[in-house]
2 protein chains.
Amino acid sequence: MTADKIMEIALRHFARHGYEGASLADISAEVGIKKPSIYNHFKGKDELFLAVYRDAAARELRYVEDDLNPEDRSSSLKDRLYGFLIGYKERYEREENTKFFLRMSFFPPAHLLQETMSMANDSIDRIAAAVTEVFRPAADDGLIHPDVTVEHATGAYMAVLDSVFVEMLYGDHERTMMRLEAAWQVYWRGVKNN
Amino acid sequence: MTADKIMEIALRHFARHGYEGASLADISAEVGIKKPSIYNHFKGKDELFLAVYRDAAARELRYVEDDLNPEDRSSSLKDRLYGFLIGYKERYEREENTKFFLRMSFFPPAHLLQETMSMANDSIDRIAAAVTEVFRPAADDGLIHPDVTVEHATGAYMAVLDSVFVEMLYGDHERTMMRLEAAWQVYWRGVKNN
DNA sequence: TTAGTTAGCTAACGACCGTTAGGCAACGGG
DNA sequence: CCCGTTGCCTAACGGTCGTTAGCTAACTAA
């Protein structure tokens, strides 16, 4: 399907150049069609963008829910949480989908702010919910220090994840790893029970 | 000076619409001059942007070094660290300078990547150095848990600060405060001695 | 077989982009 | 006093933007 190919390539262009910086001419050229042919599949640039964003948000959520599946108890809480951080960092480096979703959630085109923000907030809340579902049984098992509520453990873990994003955006790989390690160790010291 | 006014207004437009989305026509109109008159003060859009970026980076660094001045021992380490987080959050909400600096450091115009990245990395390193100067004497006084190095305490604190940025970008004030509180409490539990 | 839909094309539109040329008044130092 | 500089202007440049009109060939359903 051509529409899928357009969306795939448009996603990469939006991710690298932003909404304004991505041009339909460049996108269509890479797809191998002429610019007006895009209009056989999408009403315009806005509709193309929103379709790409919707799909990207769904894919990010699916990845998180898969990777963080609370049914899977084969490894320890600590390993699962740390592994998820590392996994997401690698995913960002590998997947344009994640780059697109982060960039466009941070800085959406001004005239589409409402549509993007409602989708973004929805995704963030559901990601946080998936994290909470990991912590709750762990807290019941006494793995979390009693001074730390499940909500605090979740919020602080999401903060560590956010900080990983930021360091990746700055692009300094070495510093990213150092910060991740430091943030994780202090986080785990603050959350674990003895 | 007109040049200063141009830079001030350009900063706001770049912060809100990104490099590509900000137009010299809009900027000049708000300044109260015609578009070509900008060229009496700057060689072009690129030079204007780099001048604005340079100033913005310097202002951010100055704010951090002032607010985190290690000479000031009037309040406790805990209060100073927590206060700095809150202060920076409020600064972001108030100052377009911070919004501009964050946005353009995350996603600089592709053809100016080298110039911006070297300035950004320089600023980040110096900000981190200022934070380290707060922790070092505190560690000597035994306020930091012996299992946590000064480097780890600094890195993890910078991570908390990064996460505050992210939450602010998403724009949900209520969630920002909750995440900040959670991140801070877990961080402090992980770092403090006893 | 035929009518309708799909997906591509070329040509062109108006709007806006950053930028340059060139003119004109105000000002400041020799 | 004059001359060079500064700072604004109008007009216009070439280029790119997203978008529309209208044509054609290919497939699909009746």
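Side chains are part of it too, since the values below use all heavy atoms of this structure and drop only hydrogens, waters and symmetry mates. Residue numbers begin at 1 in each chain, while the letters A, B, ... track the order of the sequences.
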Pairs under 3.5 angstrom, nitrogen or oxygen only, protein versus nucleotides 12-19 of chain C, please.
{"unit_1": "C:dC17", "atom_1": "OP1", "unit_2": "B:Ser23", "atom_2": "OG", "d": "3.2"}
{"unit_1": "C:dG18", "atom_1": "OP1", "unit_2": "B:Ala22", "atom_2": "O", "d": "3.3"}
{"unit_1": "C:dG18", "atom_1": "OP1", "unit_2": "B:Lys45", "atom_2": "NZ", "d": "2.9"}
{"unit_1": "C:dG18", "atom_1": "OP2", "unit_2": "B:Leu24", "atom_2": "N", "d": "3.1"}
{"unit_1": "C:dG18", "atom_1": "N7", "unit_2": "B:Lys35", "atom_2": "NZ", "d": "2.9"}
{"unit_1": "C:dT19", "atom_1": "OP2", "unit_2": "B:Tyr39", "atom_2": "OH", "d": "2.6"}
{"unit_1": "C:dT19", "atom_1": "OP2", "unit_2": "B:Lys45", "atom_2": "N", "d": "2.8"}
{"unit_1": "C:dT19", "atom_1": "O5'", "unit_2": "B:Tyr39", "atom_2": "OH", "d": "2.9"}

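- At a threshold of 4.0 Å, the pair A:Lys89-A:Glu93 counts as salt-bridged, since one of the basic side-chain nitrogens sits closer than that to a carboxylate oxygen.
- Chaining together hydrophobic side chains whose heavy atoms lie under 4.5 Å apart places A:Met117 alongside A:Leu113.
- In the hydrophobic clustering, where aliphatic and aromatic side chains (Ile, Leu, Val, Met, Phe, Trp, Tyr) are joined below 4.5 Å either directly or transitively, A:Met104 groups with A:Ile6, A:Met7, A:Ile9, A:Leu11, A:Phe14, A:Tyr19, A:Leu24, A:Ile27, A:Val31, A:Ile33, A:Ile38, A:Tyr39, A:Phe42, A:Leu48, A:Phe49, A:Leu50, A:Val52, A:Tyr53, A:Phe100, A:Phe101, A:Leu112, A:Met119.
- In this structure, A:His13 places its NE2 atom 16 Å from C1' of D:dC17, rounding to the nearest Å.
- Look at B:Asp66 and B:Arg62 and you find no salt bridge, because none of the NZ, NE, NH1 or NH2 atoms lies under 4.0 Å from a carboxylate O.
- Between the C1' atom of D:dC17 and the CG atom of A:Leu48 lies a distance of 15 Å, rounded to the nearest Å.
- For B:Tyr63, the ring pair (Phe, Tyr, Trp, His ring centres under 6.0 Å) criterion is met by B:Tyr88, not counting sequence neighbours.
- For the residue pair A:Asp46 and A:His111, a side-chain donor N or O sits within less than 3.5 Å of a side-chain acceptor on the partner.
- For residues 152-162 of chain B, the pairs satisfying salt bridge (Lys or Arg N to Asp or Glu O under 4.0 Å) are A:Arg179-B:Asp162, with sequence neighbours left out.
- D:dT6 atom C1' lies 15 Å from atom CZ of B:Phe42, rounded to whole Å.
- Taking CZ from B:Arg91 and CE from B:Met168, the interatomic distance works out to 11.0 Å, rounded to the nearest 0.5 Å.
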Only pairs under 3.5 Å count here: list side-chain donor-acceptor contacts from residues 139-148 of chain A, not counting sequence neighbours, and write none if there are none.
{"unit_1": "A:Asp141", "atom_1": "OD2", "unit_2": "A:Arg73", "atom_2": "NH2", "d": "3.4"}
{"unit_1": "A:His145", "atom_1": "ND1", "unit_2": "A:Asp147", "atom_2": "N", "d": "3.0"}

Polar pairs (N or O, both sides) under 3.5 Å between protein and nucleotides 23-26 of chain D?
none

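- Among residues two or more places apart in sequence or in another chain, the salt bridge (Lys or Arg N to Asp or Glu O under 4.0 Å) test is passed with A:Arg54 by none.
- Note on residues 169-194 of chain B: pairs passing ring-ring contact (aromatic ring centres under 6.0 Å, His included), not counting sequence neighbours, are A:Phe106-B:Tyr170, B:Tyr82-B:Trp184, B:Tyr157-B:Tyr187, B:Trp184-B:Tyr187, B:Trp184-B:Trp188.
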Under-3.5 Å N/O pairs linking protein and nucleotides 3-5 of chain D:
none

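- Here A:Met1 is tied to no hydrophobic group at all, with no ILVMFWY side chain closer than 4.5 Å.
- A:Arg59 contributes atom CZ, which lies 12.0 Å from atom OG of A:Ser123 (distance to the nearest 0.5 angstrom).
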Would you list the protein and nucleotides 5-8 of chain C atom pairs, both N or O, that sit under 3.5 Å from each other?
{"unit_1": "C:dG8", "atom_1": "OP1", "unit_2": "A:Thr2", "atom_2": "OG1", "d": "3.0"}
{"unit_1": "C:dG8", "atom_1": "OP2", "unit_2": "A:His41", "atom_2": "NE2", "d": "2.4"}
{"unit_1": "C:dG8", "atom_1": "N7", "unit_2": "A:Asn40", "atom_2": "ND2", "d": "2.5"}

